[in-house]
Amino acid sequence: MYEVLPAIVYKGVYMTDKKAYDITHDRSGATLADLLQQAADQLKQKDIQIAEMKPKALFADAVATSNRSILVGELAKLIRRIWMKSRLKILSKLLVMLNDIQRLPQKLSKR
């Protein structure tokens with residue numbers, strides 16, 4: 001722990017001597033920039049995984065903190081109801097847009 005800060009101040013990075021040697025004497029042509037790019041790509045992949053898992057985590061937290069139980073069939077009905085409500089909202093917005101599009105020629109002809 002106590003060697004971390006001095007190493008960062010001295011070298012600009014904390015790594016073991018072996019890792020520093022491996023990076024500076026790499027024969028495959030990989031530079032420090034390549035390694036940093038690989039690390040950035042790995043972080044992006046992790047961010048994507050986290051975003052994909054977020055709804056599942058929220059659901060798992062809700063189940064874990066719930067003080068009641070629910071039957072699987074009731075849960076399926078609840079999920080379907082929520083899904084249908086969101087679909088109905090989207091459909092109603094689309095219908096409003098279609099009505100506006102249909103009225104557009106009438107509005108243009110009145111001008």
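Reckoned from all heavy atoms, side chains included, excluding hydrogens, waters and symmetry mates. Since the model is a prediction, treat every value here as computed from it, not as a measurement.
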query: Atom CZ of R80 and atom CZ of R87: how far apart are they, to the nearest 0.5 Å?
result: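 If we round to the nearest 0.5 Å, R80:CZ and R87:CZ are 10.0 Å apart.
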field: Approximate separation, where rounding is to 0.5 Å, of I48 CD1 and L43 CG
entry: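 Here the rounded value is 11.5 Å.
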message: Looking only at side-chain N and O atoms, does D41 offer a donor or acceptor that is under 3.5 Å from a partner on Q37?
response: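 Checked: Q37/D41 side chains pair up, N/O donor to acceptor below 3.5 Å.
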- prompt: Do you know which of K44, Q49, Q42 makes side-chain contact (heavy atoms from CB on, under 4.5 Å) with K46?
  reply: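 The passing option is Q49.
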